[in-house]
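Just so you know, these numbers use all the heavy atoms, side chains as well, and skip hydrogens, waters and symmetry mates. Owing to the predicted nature of the structure, the values given are computational and were not obtained by experimental measurement. Numbered from 1 within each chain, the chains take letters A, B, ... in sequence-line order.
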There are 2 protein chains.
Amino acid sequence: MPRILIVEDEEAMLIGLRDNLEFEGYEVDTANRGDDGFKKLQSGSYDLVLLDVMLPGMSGFDVCKKTRAEDNDTPIILLTARGEELDKVLGLELGADDYVTKPFSLRELLARIKVILRRTANVKQDDSPQRVTIGQLQVSFDDFEALHNDEPVKMSYKEFEILHYLYRHAGRIVSRDDILDQVWGMDYQPTARTVDNFIVRLRNKIDTEDSQHIVTVHGIGYKLVL
Amino acid sequence: MPRILIVEDEEAMLIGLRDNLEFEGYEVDTANRGDDGFKKLQSGSYDLVLLDVMLPGMSGFDVCKKTRAEDNDTPIILLTARGEELDKVLGLELGADDYVTKPFSLRELLARIKVILRRTANVKQDDSPQRVTIGQLQVSFDDFEALHNDEPVKMSYKEFEILHYLYRHAGRIVSRDDILDQVWGMDYQPTARTVDNFIVRLRNKIDTEDSQHIVTVHGIGYKLVL
DNA sequence: ACAAGTTGTCACAGAAATGTCACGGGAAGA
DNA sequence: TCTTCCCGTGACATTTCTGTGACAACTTGT
């Protein structure tokens, strides 16, 4: 099911949206500050974002612009209050995909979400697989391929899985247990030491002498910095 | 460079689109009435049309329908306003290839244009000779023929099928199960080992010592590299 | 600076996946 | 019926991947 991020500071609205979207079967994540939302967006792991304009930390407009500036194409629906600078939105310069004006009907919002998800689903099919840059590697998680200067780099399935997990949570700290649960599953789990070993292998392929992308957070876990 | 026709009555939008598309290197022609646009389309000399829905003279919907009725396959992207009968568009019954909802981001529109042009470019290529080069072989999937230095190489039906499947997904990884499902069908399926055997046979015919075209991706499947 | 706890690194062995081969059954054609 | 060609299988060799333990190097708090 598609993953949706809601960035909204008004508690009641946030909860209302979350519950309804979850009821519709979407996976929902939330943020109540603009800057937090932006960070979460950087992970690139959402299929769509509902973005309030008036936000503490960073305005929805800015989140939108900065996201696009990073070549992040995650579809964005802006939630604007009546009278807010609609011109900006309409002027196309922001890079948002759609917007709704508060107060809006839930059915209308849901319809728009569906339309956009459907549209992007099509685009994704046609488009070549997503390529992301991590350190000195160009990685495509879709077809398990990693390139360094257009030369393929060997990576095992587990290495891809771990890197993918780190990537989806880029910028955030993940514990060894998180990784074990996600990649190995709750049932069978090797030593926590095993994770370190994979980290070493990944580092050898990703990091260079002058740039560390997989950072150790002593006592807690690891963090992927893009 | 591809030729694009813009049919749009709103002056500002028309000019904005035209300038941007020209900047991207497209050849652009314009019309500001539905009936004019339709006439220009009849010449069949465009690679793509951006078609507004709300138009004087003839609606975009009608232009779309009549164009298709004339067996004219020029790709059409509809420019719809919010709230317009999206259902119709979505139902594809009109024969449009895609649509964007105003307000749309320019980057999105450009992306869609590229996708469609690429798609149709491929189709055109497919009409021409059906002989492809895979490794040291010249293969024609239509007449089940494989040549190596103009000498026919024996290949069984199943070998062709598997190679064809790999070829259609060239560059992407296909699992043994994918191959089994596609070539043998969901019902009867031999051992996964069987696939390996065919891979060996194909490799003997395709690969040379210095160039591997059928690559194994450990733990996942195989990938054909052209 | 020291001790205690964490993490980095390495080589190795068992496990799992793949490569390869030869053989038997079966279908199509002679 | 006999031959020939494909196909699928199983056994075995080979390659690749995983997980572990040992030890070095590093952090942290005292």
Can a donor-acceptor pair be found between the side chains of A:Asp142 and A:Ser140 at a distance below 3.5 Å?
no
Is any side-chain N of the basic residue among B:Glu159 and B:Lys205 closer than 4.0 Å to the acidic one's carboxylate O?
yes
Nearest listed nucleotide, side chain of A:Asp196, among C:dA22, C:dT7, D:dC6:
C:dT7
Return no unless some side-chain N or O of B:Thr191 is found under 4.0 Å from OP1 or OP2 of D:dT9.
yes
Looking across every strand, which nucleic acid part, if any, lies under 4.0 Å from A:Thr194 by heavy atom: base, sugar-phosphate, or nothing?
base
Can you tell me which nucleotide in D:dG8, D:dT18, C:dG8 comes closest to the side chain of B:Pro190?
D:dG8
Quick check: on DNA chain D, is the nucleotide nearest A:Phe198 upstream (toward 5') of the one nearest A:Lys154, or the reverse? Name the residue that is more 5'.
A:Lys154
Quickly work out the A:Ile214 CD1 to C:dT9 P distance and round it to whole Å.
11 Å
Can you measure B:Asp207 atom CG to C:dT18 atom C1' for me and round it to whole angstrom units?
15 Å
So, is A:Arg176 close to the C:dT7 phosphate, meaning a side-chain N or O under 4.0 Å from OP1 or OP2?
yes
Below the 4.0 Å mark, does C:dG8 have OP1 or OP2 next to a side-chain nitrogen or oxygen of A:Tyr222?
yes
Can you check the B:Leu202 CG to C:dT20 C1' distance for me, whole Å?
15 Å
Under 4.0 angstrom, heavy atoms only, what part of the nucleic acid is A:Ile220 near: base, sugar-phosphate, or nothing?
sugar-phosphate
Let me spell it out: for each of A:Gly219 and B:Gly221, pick the nucleotide of DNA chain C with the closest heavy atom. Which residue's pick is nearer the 5' end?
A:Gly219
Given B:Arg193, which of B:Thr191, B:Asp196, B:Asn197 fulfils the side-chain hydrogen bond (donor to acceptor under 3.5 Å, both in side chains) condition?
B:Asp196
Check the phosphate of C:dT6 against A:Thr216, side-chain N and O only, distance under 4.0 Å to OP1 or OP2. Yes or no?
no
Rounding to a whole Å, what distance do you find between A:Tyr157:OH and D:dG19:C1'?
18 Å
Which of parallel (below 30°), tilted (30 to 60°) and perpendicular (above 60°) describes A:Phe160 and A:Phe144?
perpendicular
Between B:Arg193 and C:dA17, is there a contact of a side-chain N or O with OP1 or OP2 at under 4.0 Å?
no
Below 4.0 angstrom from OP1 or OP2 of D:dT18, is there any side-chain N or O of A:Trp184?
no
A:Glu159 atom CD is separated from D:dG19 atom C1', nearest whole Å, by 13 Å
To the nearest angstrom, the CE-P distance between A:Met155 and D:dT16 comes to 17 Å
Looking only at D:dC17, C:dG8, D:dG8, the nucleotide nearest the B:His218 side chain is D:dC17
Phosphate oxygens OP1/OP2 of C:dG8: is one of them under 4.0 Å from a side-chain N or O of A:Arg203?
yes
Tell me whether A:Glu145 is salt-bridged to B:Arg172, with the criterion being a basic N under 4.0 Å from an acidic carboxylate O.
no
Ring centres of A:Trp184 and A:Tyr165 under 6.0 Å apart?
no
N/O donor-acceptor pair, side chain B:Asn197 with base C:dC21, under 3.5 angstrom
yes
Return the value, rounded to whole Å, for the distance between atom CD1 of B:Ile199 and atom C1' of C:dA17.
14 Å
Rounded to the Å, how far apart are B:Lys158 NZ and C:dG26 P?
16 Å
